[in-house]
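Everything below concerns the one structure shown next.
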Amino acid sequence: MTSLAKIRALLKESHNPLYFYDDDADGLVSYLLLRRGFGKGVGVIIRVRGLSMDEEELYMRKIDEYNPDLVVFLDKPTLNQDVFDKIHVKKIWIDHHSVVDVKGVNYYNPRIRNKKDNKPTSYICYKITKKDLWLASVGSVSDWSLVLFRKFKKSYSDLAEEIKSSWNVKPDEVLYDTKLGELIRVFSFLLKGKVNEVNKNIEMLLKINDPYEILYKKSENGKKLFENAEKVKKQYLELLKKALDESKKSKKRVIAFMYISDQVSFTSELANEMMHRNPGKIIAVGRIKDEQMRISLRSPINGVELPGILEKIFNEMKGSGGGHEHAAAVEIHKDDYEKFIKLLRKHV
């Protein structure tokens, strides 16, 4: 595994780095930390799921367009050797999902040393830059990690005053009961919608110096970002109400909710909040787009581990999926939804 010191040196030496990052708050914050920390480079958000030819083609097209001297992948779990072989400049890959055996890339993944260590990519990037604690806290808590929370609470106590003790707190309590959690949801909502609008939000985020600019609209950019997030939040709350109403009818261990949308995906956000509001339950939130369905799964921290369950399911039906032990994503054909939920309930 490449050391953080080596990665830091490569970023300092680079004149024109190109960052590819995942389209959640952890991926976004990872990019923001490195872009702000080193003051150079271009970022490209990756929304394509799974390592398809479309995704590979996007990487190559952007590399040809920007002609970087360094390519950095952040929080992208589905890379393989073929991708790296096609890139003829120095490469960095920072991730915290399952370890992949690759060569010719400066690869940092804490699971190489300890397979249970899945500290978020944003936390790793914070260790590289040693700047912007508030940003790193947004990224890490968004990924259900409290690795920075005590440090954050010391510096920004007013944004986590509802949490009296930093020792026995749960990630979802921070996410849904504090101002920090409100800020995290702002970041998530700013990633929704058309790519050109999302990119405008990201450019404004690069100019934000503290969380109060957004939460209390203390700058023009902060006010605009908060307002943009509020527009998306309205759509989310409508879906959340439907999901909660349906969940009240279910007495089963697995709570399943699905919706149709060609525009905005809220599966991850809905799954997180549904689990917070239904402690001890396993949550499956599915979204139909065209012929496919993407499902976000959540399992309690002390509950079943999802990768093993998914392996059993996909021995009995077509589909793909993966992720962390207690948070995973699945893609299946829309007609197979009922079968998938039946198998999920069977194997948990």
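Values reported hereafter were calculated over all heavy atoms of this structure, with side chains retained and with hydrogens, waters and symmetry mates removed. Every value quoted in this text rests on a predicted model; they were computed, and no experiment measured them.
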Practice task
May I have the step-by-step check of side-chain contact (heavy atoms from CB on, under 4.5 Å) for Phe226 and Tyr216, ending in yes or no?
Solution key: CA-CA 9 Å; Phe226 189 89; Tyr216 302 119; over 6 Å; no
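- Between the side chain of Asp69 and the main chain of His15, a donor-acceptor pair closer than 3.5 Å is present.
- A donor-acceptor pair under 3.5 Å is absent between the side-chain atoms of Lys130 and the main chain of Gly37, judged by distance alone.
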Handout entry: Worked check of side-chain hydrogen bond (donor to acceptor under 3.5 Å, both in side chains) between Asp22 and Tyr31
Key = CA-CA 9 Å; Asp22 198 29; Tyr31 162 64; over 6 Å; no
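- Within the 4.5 Å cutoff, the side chain of Phe152 has no heavy atoms near those of the Val174 side chain.
- Apart from Val348 itself, the hydrophobic cluster it occupies contains Val254, Met258, Ile260, Ile282, Ile288, Met293, Ile295, Leu297, Val304, Leu306, Ile309, Leu310, Ile313, Phe314, Met317, Val330, Ile332, Tyr337, Phe340, Ile341, Leu343, Leu344, where clustering links Ile, Leu, Val, Met, Phe, Trp and Tyr at side-chain heavy-atom distances under 4.5 Å.
- Judged as a side-chain hydrogen bond (donor to acceptor under 3.5 Å, both in side chains), and not counting sequence neighbours, Lys281 has no contacts.
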Hey, can you pull the donor-acceptor pairs under 3.5 Å for the side chains in residues 244-252, sequence neighbours left out?
{"from": "Asp245", "atom 1": "OD2", "to": "Lys241", "atom 2": "NZ", "distance (Å)": "3.1"}
{"from": "Ser247", "atom 1": "OG", "to": "Leu244", "atom 2": "O", "distance (Å)": "2.8"}
{"from": "Ser250", "atom 1": "OG", "to": "Lys252", "atom 2": "N", "distance (Å)": "3.3"}

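- In this structure, the side chains of Arg35 and Tyr21 stay at 4.5 Å or more apart for every pair of heavy atoms.
- Counting only residues at least two apart or in different chains, ring pair (Phe, Tyr, Trp, His ring centres under 6.0 Å) contacts with residues 101-142 comprise Trp93-Tyr107.
- Counting only heavy atoms from C-beta outward, the side chains of Lys242 and Glu238 never approach each other to under 4.5 Å.
- Residue pairs that meet the salt bridge (Lys or Arg N to Asp or Glu O under 4.0 Å) test with at least one member in residues 170-188, sequence neighbours left out, are Lys179-Glu182.
- Partners of His326 under the ring pair (Phe, Tyr, Trp, His ring centres under 6.0 Å) rule, at least two apart in sequence or in another chain, do not exist in this structure.
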Handout entry: Trp144/Leu175 under side-chain contact (heavy atoms from CB on, under 4.5 Å): CA gap, chis, key distance, verdict
Key = CA-CA 8 Å; Trp144 290 62; Leu175 273 169; 3.4 Å; yes
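- The ring pair (Phe, Tyr, Trp, His ring centres under 6.0 Å) contacts involving residues 253-274 comprise Tyr236-Phe266, where partners must be two or more places apart or lie in separate chains.
- With hydrogens and angles ignored, the 3.5 Å screen pairs a side-chain donor or acceptor of Arg287 with a backbone N or O of Ser261.
- Around atom CD of Glu65, more than 12 heavy atoms belonging to other residues, nucleotides or ligands sit under 6.0 Å away.
- Annotation: side chain of Leu79 is not in contact with side chain of Val102 (no heavy-atom distance under 4.5 Å).
- With sequence neighbours excluded, no residue forms a ring pair (Phe, Tyr, Trp, His ring centres under 6.0 Å) with Tyr66.
- Checked by atom type and distance alone, the side chain of Ser137 pairs as donor or acceptor with a backbone atom of Leu133 at under 3.5 Å.
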Hey, can you pull the donor-acceptor pairs under 3.5 Å for the side chains in residues 196-204, sequence neighbours left out?
{"from": "Asn199", "atom 1": "ND2", "to": "Val195", "atom 2": "O", "distance (Å)": "3.4"}
{"from": "Asn201", "atom 1": "OD1", "to": "Asn228", "atom 2": "ND2", "distance (Å)": "2.9"}
{"from": "Asn201", "atom 1": "ND2", "to": "Leu190", "atom 2": "O", "distance (Å)": "3.1"}

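- Remark: side-chain polar atoms of Asp143 are not paired, donor with acceptor, to backbone N or O of Pro120 under 3.5 angstrom.
- Residues forming a ring pair (Phe, Tyr, Trp, His ring centres under 6.0 Å) with Phe187 (at least two apart in sequence, or on another chain): none.
- Among residues at least two apart or in separate chains, salt bridge (Lys or Arg N to Asp or Glu O under 4.0 Å) pairs with a member in residues 209-231 are Glu230-Lys233.
- Using a 3.5 Å distance cut-off with no hydrogens or angles, the side chains of Tyr59 and Asp64 do not pair a donor with an acceptor.
- Among the candidates Lys115, Arg111, Arg298, the single residue satisfying the salt bridge (charged side-chain N to carboxylate O under 4.0 Å, His left out) test with Glu325 is Arg111.
- Using a 4.5 Å cut-off on side-chain heavy atoms (C-beta onward), Asp75 and Ile94 make no contact.
- Counting only heavy atoms from C-beta outward, the side chains of Leu28 and Asp23 never approach each other to under 4.5 Å.
- Considering Asn118, Ile112, Asp117 in turn, Asp117 is the only one that fulfils the side-chain contact (heavy atoms from CB on, under 4.5 Å) rule with Asn114.
- The two residues Arg36 and Ile208 make their nearest non-hydrogen contact at NH1-O, 2.6 Å.
- Distance alone, capped at 3.5 Å, places no donor-acceptor pair between the Ser14 side chain and the Leu10 backbone.
- For the pair Asp26/His96, a side-chain contact is recorded, criterion being any heavy-atom separation below 4.5 Å from C-beta on.
- Using a 4.5 Å cut-off on side-chain heavy atoms (C-beta onward), Leu74 and Cys125 make contact.
- The backbone N or O of Ile63 sits nowhere less than 3.5 Å from a side-chain atom of Asn67 that would complete a donor-acceptor pair.
- In this structure, Asp335 places its CG atom where more than 12 heavy-atom neighbours from other residues, nucleotides or ligands lie under 6.0 Å away.
- A donor-acceptor pair is defined here as one N or O able to donate and one able to accept, closer than 3.5 Å; no such pair exists between the side chain of Asp336 and the backbone of Lys339.
- Scanning for side-chain hydrogen bond (donor to acceptor under 3.5 Å, both in side chains) contacts around Lys346 gives Glu316, with sequence neighbours left out.
- In terms of modelled atom types and a separation under 3.5 Å, the side chain of Lys192 and the main chain of Ser265 share a donor-acceptor contact.
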